Structures are given as structure tokens and as C-alpha cells.
Amino acid sequence: MKKHVLLLLTLTPLSFMAVGSPTIGTALVLPGLHEQGVDLLGLPMSSESVIDWEISNSDLVFGAYARKTDNERVKAIGYMYNQKLDLNSSWLENIIRNDAERNGINFEDFFLHFSEDTVIAEVDKTHGENTVLNRKPMIVGYTANQDHAGFWLYQKPPWDADVFENFQQGGALYVYHSEMFDRLMFTFSQFARGGSFTIEYPTAIDANGLVSEWSIIEIKEDKTRNITRNESVIWDLPENWLRATTHDGSGLSYGGGAHFGSTFLQDGGRLYVIRIRWKGEKSDIRPRLKEVKLDNSFPVVNIANAAATNTNEKTVTSWRKIRGFDTAADLNQDNYLSDAEFNDRANKKATARFRWQSRVIPFGKMWNQTSSWALTNLANSDYLQSMQSYYASHWQQQGLNGAYNDDTNKLIGANQFSVHSGGTIEELGLVVGTVEAEKRYKNQFSTFLKKLSSVDSDVLIGVNIGPANLYGRNGQSHLIEAASLYLREHYLFPSTGFSGYGGISKFWDNMALAYEGKSVIFQATTRYGRVEYLGNSEENWKQDQYANLAIYYLNHHPSRSFFSQWNSSYIYGSSNTSSDNFWKSGVAKNIAYQPSSLLNIDLGAPLNQVRNNYEPIPLMLSTNSPTPADYTIVGNSSMNKLVHADLPN
């Protein structure tokens, strides 16, 4: 392990301050949702003037504005989540996949995969319920003719859709997903009487990815019996099925092909699509569609005597199976096991037919109903290069100076995965949720972030690290070398003490980061202050802001630190205040919260010496909880090297 020599530059009591000209950096966190309001004097402000104020009164924006021109007026950084890609594709997945195809790179290698069937705990079943994880295709819709934009069946089933009403004019049913699939489950509100159906898929596309040729797929088993009952249709997976768009990419609503109201398709995004045509005579009865589902790739399984809670004591709502994939059986390396390959596989504990079905997915530990992400293979050099290329282009297009990762703890540790059986990751050779797997992946994560910024020294790579001292065993020491900008979210409280989990005596890791040329955003909050306990009065707000700023001055580095004041919530934006989050309603939040008058007072620069009759501040480091290890003194603010017996390096 590399030895870190810690030079403590500016941890100095307020009484040590001398007259000078310090640079007090200010930062905004996630601005947006600007609206018309008033300033603190009650004068009206338009949403545009609020943006102007924010840019003029900030040195750094942790987030981004919608307009490139606004981002270019300030140092702004956007979002990124390098450790995940979505199964329900967005523009990021579309762009890097197109790039991979052009360069002969296997996009599926960008993910981690289970090598054996794995059962994991799901603690929130709403996560991903509107995605492929719950058998929902990305888009289902039908058209009136070949050039029709289409009717999107976005409503929650059951439907009663006459999807083949205009079959004589070329109208058809379309189903889209980001990965190949070999079956669909149909439910009908009216069965067919007479007629027949065919399924088509794209076999040729133009330079923009638009379908130029459709071919009929060979149906392996029609369990619907020509749409006369509710069942599945299974087909032989064609080798020449191409990802495509069905719209010309012009962005026009009509005349450019089907897009069903999806801006992703309308602007040229590519997916795997099938087109289902039904033909009949006037005397035949057309089928009406009630619902269509993908295969149950990630089934809920019932386990006798299974644990009621996961490793974090959260209630398990269900147990999910993720099938493993036998890569050795995939002889033609097309990420799919044919019948012959599947039957001949050596690893009978791996039952996935598609490799994408074995991706490592943290069921119930994502974000919301539309979350569908899987963990990426951060050690894959092609993935690194692809992301470097993507972000370099994206940041330039948006006028950004880099990006930050907001969830550095959402990796493969026990906080994300509780395994009942299986769990071996092919790319790591380790079981997800174990200490060994977490340590390996954390190191890969940090290395990836560091390499991401290597292409441009001016790029800011940020992470959200919270309050724990990075050098302690309770911190995130793997991130010390990873980033150039660190957000310490909800870090300063008006009542912050010298010791404890987030005490001032443990803030010295910010000085160590500054010595390494890295920057830190100190985010202040009114939590545990006068506002929380005594109410939203003007005096209480000013007292809390003053206390937070005083603590900031005790710890700031003149050119490497940024101050950001917020309220007590984790809900960000530039909308107006209300009576429950400020003493005055209708003021743009960042204008209301930033103590501009106090920031204009010049307190001078630290003298970097301890005056007579004063003692340097003792510095602590937590290596274990509870006490006494949580309060170990490792030195003081006059020293440039700290040593803890439990952490010899």
C-alpha cells in the first residue's frame, strides 16, 4: 500500500486568523427547477435572473444547467455512474454500444456476470417493476400504416387494443427491447377467428440505423394456436437480427416512421424490435391485445425456511433468481446458447440461454420503478476507453468540466447483495456480497475513476463521500486516489462537535486531500441546529449559517475548499422556499441559503502557527466502533504526519 504523508495546511482556530485576502470558494449542489420569485429584500426575480445570480455567486456547480451557454459561464460538472449500465437502454448505452459494434468489441463484456444460478434477496420489489426486470418490454405499440408514428401502449395493462385494425394498410404491432429475446407471452381481450400472423425482424439497416429490410422469423412453437388462446410464441433466434430504429432520426413527429412518442426512437436510438403482422378476410374476427410480456428471465423463487431479513436487517420481500451463463459452452461467442450448445454445456448449474440474463443486478437495491441497472466490468480496458470517449464528447457538447459519481457505495458489497445460493461472478472469481469481492471491486472502481481523468488534466472527476474520514477503516480509503473533487454531503452541522463520527477533530483528511491537489465541497445543513429545534425564524437561520461558516473557516483550504449551505433535506434544486424550509417563502433556495453577507467579510488567511498560551487542535481517527478506537488521537494540527497503530501504512 502506498504511504500517505499528510501535510495539515489550514486547520486553525478562528482566533488565529490574521488580516489578509483569502479566497472563499462557494459551490452549488444540483441546481434546477428555477422559477419566478423574490430575493431576500422582496424584489421580484425571474427564473433567468435566478440562474444569473447563481452563476455570478458560485465558483463551482456540482451538477449542471440545461443550457450549454450557462455551463460555460461557470465551472460545472455533471452526473455519471461508471459502475452500472441500464438494461432498459438510454442514450449512454446506445452510444457506447454503437461504438463497440463499429470496433468489433463485444458489448456484453462491459458487464459482470454470474457463472452459476444465483438466488439473492430483494428488499424493495418496486425497484425495476416498470422494466425488463418485471417482464415489461421497453416499448409496445401499433401503427396505422408503414409511415405512421404509431400508438404507444404506455398505459398499465390490461389493454383492450385493436392493434391490427389497419392491417390492410400495413398497420402492425411492434415490440422493442434493448436485448435480443426469443419469446413473448400474449394475453388477448378477444381471440382471433380466422386469419394468421407472422413475426418480422430487421435484417438490414441504413447508415443511420433505420430498418431498410425486414425478414420473417421462423416460429419454433406457437402456444397461442394462431391467437386462439393466451400463451407464448417461441422462435428460433436468427443470427442476422440487427439492432435498429424504426424512425429516420429526423425528430419529426410524422412521416419519418414509427416512434410511438419515444424521443429515443425519434432521434435515432436503436433497439431490438419485432413487427407482428396479422392478415385475414373481412369475415374473420381480429384479435384484440390485452397484454404482452417478455420471458420471465428473473423469476421470484419460493424458499422454505428462508431468512426473513438480509445482511443489513432489512425485510426481504422476495428472493430472485439470476441464471448463470456457461461461457465455455458458447462456441460461436454470440452471447446465446443454441439448443445444441445448451444441452452440451458442462456447467449444469448455469441455466441462462442469453448471456445478458446472467448480469449482476442488485434487485431491490437500486432507486425506483424505472431502475434496471447491472454492474459493469470496471477492469475491462475496452469499457474504460469507450467511457473516456463518451464523456469527452458529452462534456464538450454540454459545456461541462467533468462529472461526479453520486453513489460510490452502490457496488457489490453486503450492503447491496445478500446471497442465498450461488453468487460467483465470472469476471472476478469471487462471490458477490463478500468482503473479498467488495475489496477487489472497490479497487477497480477507484482505478477506473483515476484513469477516466487521465486523458485531460483539466477535467474534474468527483465523488460523493459523506462524512467519514477517508483514512479510517470506517471510511472509503479506496477513493483517496480516485478523484480530484470530493463532495462531503451534509457534512457541517451548526452543532458539530470536536469528536464523534463527524467531529471537527476528524476533518483533517480534507487537508490531506488538499495537499494532494484535490478539492473538497463542504456542504452545510441546518440539521441539529437552532432551525430544527427552535423553528424557521430569521434569527435562527442566521445563527445556523454563521455556525456552519465558522466551522468551515476552521477547516478550509484557501484554493481547494468550497462552501455550500443547504437546508435539512436531501431534495435539491433552485425552486422557491416555503414556510417549512426557510423563514421566508418565495425566495430562490440558493439565494436564500447562501450567507452572502458573511462570505463578503474578509477574515484573513491562517498564520500557520500556534500562538502562546494556545494548544494545537488534537486530531482523531476512527478505526473501529464503538469506543475507545473511535476516539484515538493520532496527532495535532501542528504536525504534517499522522500515524495510527492499527493502520501502520
Side-chain angles (χ1 to χ4, degrees), residues 62-66 68 71-72 75-113 178-179 205-210 242-245 249 263-265 267-272 333 335 355-356 359 372-408 411 427 441 443-463 481-485:
F62 209 70
Y65 291 100
K68 178 182 179 181
N71 291 326
E72 290 175 333
K75 188 172 288 187
I77 65 173
Y79 262 117
M80 64 178 179
Y81 293 100
N82 326 97
Q83 70 269 41
K84 66 94 174 174
L85 290 171
D86 290 339
L87 277 77
N88 277 30
S89 286
S90 64
W91 281 111
L92 166 60
E93 289 79 16
N94 184 74
I95 291 170
I96 66 173
R97 190 165 192 160
N98 291 345
D99 183 63
E101 289 179 1
R102 283 191 297 269
N103 292 285
I105 296 170
N106 188 346
F107 174 74
E108 196 58 41
D109 288 342
F110 290 176
F111 294 89
L112 296 180
H113 304 84
S178 54
E179 304 299 335
I205 58 177
D206 65 15
N208 296 317
L210 177 64
L242 299 177
R243 284 173 54 248
T245 183
T263 56
F264 182 75
L265 285 180
D267 295 334
R270 294 166 58 190
L271 297 169
Y272 286 100
Q333 297 183 346
N335 302 312
R355 193 176 171 207
W356 67 262
R359 293 176 185 172
S372 67
W373 49 269
L375 277 296
T376 54
N377 184 6
L378 295 170
N380 184 288
S381 58
D382 289 327
Y383 177 59
L384 171 64
Q385 186 173 357
S386 183
M387 294 302 283
Q388 284 176 330
S389 175
Y390 170 81
Y391 283 123
S393 174
H394 176 73
W395 295 336
Q396 184 179 30
Q397 292 172 4
Q398 299 297 318
L400 301 174
N401 291 88
Y404 78 103
N405 193 301
D406 193 46
D407 272 307
T408 58
L411 301 176
E427 291 78 6
Y441 198 64
N443 289 333
Q444 291 180 358
F445 178 67
S446 298
T447 300
F448 187 94
L449 289 177
K450 188 174 182 179
K451 290 182 177 179
L452 196 61
S453 63
S454 63
V455 293
D456 188 344
S457 59
D458 293 329
V459 163
L460 287 173
I461 299 298
V463 291
E481 296 284 333
S484 53
L485 175 64

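Fair warning: this is a prediction, and the values are worked out from it, not measured in the lab.
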**Q.** Chi angles and distances behind the side-chain contact (heavy atoms from CB on, under 4.5 Å) call for Leu112, Arg359
**A.** CA-CA 6 Å; Leu112 296 180; Arg359 293 176 185 172; over 6 Å; no
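- Contacts of Ala76 classified as side-chain contact (heavy atoms from CB on, under 4.5 Å), with partners at least two apart in sequence or in another chain: Val61, Asn71, Val74, Leu400.
- Counting all heavy atoms, side chain and backbone alike, Trp373 lies closest to Leu87 at C-CD1, 4.0 Å.
- Contact detail for Ser178 and Ser89: the closest heavy-atom pair is CB-OG, 3.1 Å.
- Partners of Ile95 by side-chain contact (heavy atoms from CB on, under 4.5 Å), not counting sequence neighbours, listed by chain and number: Tyr390.
- Distance check, rounded to the nearest 0.5 Å: CG of Leu378 to CD of Glu427 gives 11.0 Å.
- Residues that satisfy the side-chain contact (heavy atoms from CB on, under 4.5 Å) test with Ile105, not counting sequence neighbours, are Ala100, Asn103, Phe110, Asp382.
- Once rounded to the nearest 0.5 Å, the distance linking CG of Asn377 with OH of Tyr441 reads 7.5 Å.
- The structure places CZ of Phe448 at 5.0 Å from OH of Tyr383, a figure rounded to the nearest 0.5 Å.
- Contact between Asn94 and Arg270 at its shortest, heavy atoms only, is OD1-N, 2.9 Å.
- What you find for Val463 and Phe62 is that their closest heavy atoms are O-CZ, 4.4 Å.
- In this structure, Phe111 CZ and Leu85 CG are separated by 4.5 Å, a value rounded to the nearest 0.5 Å.
- Asn82 is not listed as a side-chain neighbour of Thr376, based on a closest heavy-atom distance of 4.5 Å or more.
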(Q) Test side-chain hydrogen bond (donor to acceptor under 3.5 Å, both in side chains) on Ser393 and Gln396; report intermediate values, then the result. (A) CA-CA 5 Å; Ser393 174; Gln396 184 179 30; 5.8 Å; no
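- Among residues at least two apart or in separate chains, salt bridge (charged side-chain N to carboxylate O under 4.0 Å, His left out) pairs with a member in residues 80-91 are Lys84-Asp86.
- Listed for the Asn208 side chain is no donor-acceptor partner under 3.5 Å among the backbone atoms of Leu210.
- The shortest side-chain heavy-atom distance between Leu460 and Tyr404 does not fall under the 4.5 Å cut-off.
- For the pair Leu449 and Met80, the minimum side-chain heavy-atom distance is below 4.5 Å.
- Counting only N and O atoms by type, the side chains of Thr447 and Gln444 include no donor and acceptor under 3.5 Å apart.
- Nearest heavy atoms, Ile205 versus Ala244: CG2-CB, 3.6 Å.
- Contact annotation: the side chain of Leu271 never approaches that of Arg243 to less than 4.5 Å [non-hydrogen atoms, C-beta and beyond].
- For Ser446, the side-chain contact (heavy atoms from CB on, under 4.5 Å) criterion is met by His478, Leu479, Ala482, not counting sequence neighbours.
- Checking Arg97, Arg355, His113 one by one against Glu108, the side-chain hydrogen bond (donor to acceptor under 3.5 Å, both in side chains) holds for a single residue, His113.
- Side-chain polar atoms of Asn405 and Gln83 form a donor-acceptor pair below 3.5 angstrom.
- At least one side-chain heavy atom of Leu92 sits under 4.5 Å from a side-chain heavy atom of Met387.
- Ring orientation note: the planes of Tyr81 and Tyr79 are close to parallel, at an angle under 30° on the 30°/60° scale.
- Considering all non-hydrogen atoms of both residues, Gly402 and Val459 come closest at CA-CG1, 4.1 Å.
- Between Tyr391 and His394, the angle of the ring planes goes over 60°, which puts this pair in the perpendicular group of the 30/60° scheme.
- Residue-environment remark: CD (Gln385) stays at or below the threshold of 12 foreign heavy atoms within 6.0 Å.
- Judged as a side chain to side chain donor-acceptor pair (under 3.5 Å), and not counting sequence neighbours, the contacts of Asp406 are Asn464.
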